[in-house]
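Read the structure below first, then the notes.
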Amino acid sequence: MSNYSSEQEFYPDNCDEEMSILDILIVLAEQKKLIIGTVLLFTLAGLLYAFFLTEPKYSSEVQMMPLTSSVLDNGDFAVQMPGNIVGGVILSNATLDAVIDEFGLLKTKDGGSQSRITARRELEKDIKVDIDKNSVITLKVDASEPETAMKMANFIYNKTVGTLEDMGITATVSNKDAYLEGAIKKKINEIEKKSSDGGGSPKITSLLDLYTMLTQYDENRKIKDKSPMVIQLISPASLPDEKAPQGRGKIVALSALLGLFCAVMLAFARHFWKSSDEDAATAEKKKRLRMLLRS
């Protein structure tokens, strides 16, 4: 019984409903005109899109590296900015909105206007951020004019640095302020307690400790006016002297591949539609389908 099942499984006469590679090649050969025409049509459409609908743009790049900043003169003050945080700030809504307002991107080329959400979406296409394994961040900005590309790249860099510095100062200084305020209150209570006990030398020591804390607190407050370095500029934005490649060859190649895929699907659909006329039940279904579509 086991041998019979095995023979039935691999016997060619039981595989009539399956298509072999030869059957597939026959179908493709029968529909070769449809396939060639569809591929040519898609390729032509991709060629027209690549050369007439893609706008050549200029690219300007800024390279930077996030650092760990420490202010040794004023106690423990450190700011660390990982590369992914820098990339997130560059593409944040706050940065995009600042660029939109600075360069008037709410206005369209034909003199009309667009929503801020649409302007953000279009701007995101022109801003690319790449972070390599050495934490070097490359900011690439595309624009229709070389001066605009360079100015926009510099503006985004300066805006990002300002935002990151504010983030670092707020987080670090606030935490240190809270710690020092608690320590100062504790020391004042300690001095008052020792004063009521009539202690001499311990009182002077506590006063010196309090003076040191107050000095640190004062310096910590002043540091908010300083800008710790959180990003090191490696390569500033430069004026591009030629247009960036738009990947026109890739567009045409992808269009041709898409056309080939659609052509093969159409070829098999057309083949099965025609061959189904040989089956009476299928032919009746096709006839009913035509009637329903016409009614």
Side-chain angles (χ1 to χ4, degrees), residues 55-106 116 119-176 219-247:
E55 179 185 4
K57 293 185 177 182
Y58 294 88
S59 295
S60 184
E61 293 184 355
V62 176
Q63 287 186 316
M64 66 196 87
M65 177 180 288
L67 301 176
T68 299
S69 302
S70 299
V71 183
L72 303 178
D73 305 1
N74 302 277
D76 298 328
F77 181 85
V79 180
Q80 185 174 6
M81 289 295 173
N84 57 345
I85 294 181
V86 178
V89 172
I90 291 175
L91 297 176
S92 65
N93 288 340
T95 303
L96 296 178
D97 287 343
V99 176
I100 291 171
D101 295 335
E102 178 70 17
F103 294 90
L105 300 182
L106 291 178
R116 186 169 294 272
R120 284 179 191 165
R121 191 181 302 116
E122 294 297 324
L123 181 59
E124 285 179 348
K125 297 178 182 178
D126 295 332
I127 299 176
K128 298 178 180 62
V129 180
D130 179 67
I131 305 173
D132 65 14
K133 60 182 181 180
N134 297 318
S135 298
V136 175
I137 303 171
T138 301
L139 167 64
K140 180 181 177 183
V141 179
D142 297 336
S144 56
E145 299 294 334
E147 294 84 1
T148 304
M150 183 183 66
K151 291 179 180 179
M152 194 176 293
N154 283 327
F155 180 84
I156 294 174
Y157 169 76
N158 293 327
K159 178 66 177 177
T160 302
V161 171
T163 302
L164 292 174
E165 288 174 352
D166 291 341
M167 289 170 58
I169 291 175
T170 301
T172 308
V173 174
S174 297
N175 292 338
K176 191 176 180 185
E219 292 295 334
N220 197 54
R221 301 296 297 177
K222 291 179 180 178
I223 199 135
K224 289 187 176 181
D225 297 331
K226 298 182 180 181
S227 297
M229 181 180 292
V230 293
I231 291 182
Q232 175 66 51
L233 179 63
I234 299 176
S235 177
S238 58
L239 187 67
D241 54 0
E242 62 179 19
K243 295 179 180 179
Q246 298 299 306

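- Residues Pro240 and Ser59 are not in side-chain contact: their nearest non-hydrogen atoms beyond the backbone lie 4.5 Å or more apart.
- A salt bridge is defined here as a Lys NZ or Arg NE, NH1 or NH2 lying under 4.0 Å from an Asp or Glu carboxylate O, and Lys128 with Asp142 meets this definition.
- Shortest non-hydrogen contact noted between Leu139 and Tyr157 is CD2-N, 4.4 Å.
- Atom CG of Leu91 and atom CG of Leu123 lie 9.0 Å apart (nearest 0.5 Å).
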Could you go step by step and tell me if Asp130 and Lys140 meet the side chain to side chain contact (heavy atoms under 4.5 Å, CB included) rule? CA-CA 8 Å; Asp130 179 67; Lys140 180 181 177 183; over 6 Å; no
CA sep, side-chain torsions, deciding dist, call: Asp132, Thr138, side chain to side chain contact (heavy atoms under 4.5 Å, CB included): CA-CA 8 Å; Asp132 65 14; Thr138 301; over 6 Å; no
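- The CD1 atom of Ile234 lies 9.0 Å from the CE atom of Met64; values are rounded to the nearest 0.5 Å.
- For the pair Thr148 and Val141, the minimum side-chain heavy-atom distance is 4.5 Å or more.
- The two residues Ala153 and Ala237 have their closest heavy-atom pair at CB-CB, 3.8 Å.
- Taking CE of Met150 as the reference point, atom OH of Tyr58 lies at 13.5 Å (rounded to 0.5 Å).
- Under a 4.0 Å N-O distance rule, the pair Glu122/Lys125 qualifies as a salt bridge.
- Listed by first and then second residue, the salt bridge (charged side-chain N to carboxylate O under 4.0 Å, His left out) pairs that reach into residues 82-98 are Asp97-Arg116, Asp97-Arg120, sequence neighbours excluded.
- Screening Val129, Thr163, Ile137, Val161 for a side chain to side chain contact (heavy atoms under 4.5 Å, CB included) involving Val86 leaves a single residue, Ile137.
- Judged by distance alone, with hydrogens and angles left aside, the side-chain atoms of Thr95 form a donor-acceptor pair with the main-chain N or O of Val89 at under 3.5 Å.
- For the pair Ser144 (side chain) and Lys57 (backbone), a donor-acceptor distance under 3.5 Å is absent.
- Ile90 CD1 to Ile127 CD1: the interatomic distance, rounded to the nearest 0.5 Å, is 8.5 Å.
- Rounded to the nearest 0.5 angstrom, Ser92 OG and Lys159 NZ are separated by 8.0 Å.
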Please assess Ile156 against Val62 for the test side chain to side chain contact (heavy atoms under 4.5 Å, CB included), listing each intermediate value before the final yes or no. CA-CA 9 Å; Ile156 294 174; Val62 176; over 6 Å; no
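- In this structure, the separation between OG on Ser135 and CG on Asn84 is 9.5 Å, given to the nearest 0.5 Å.
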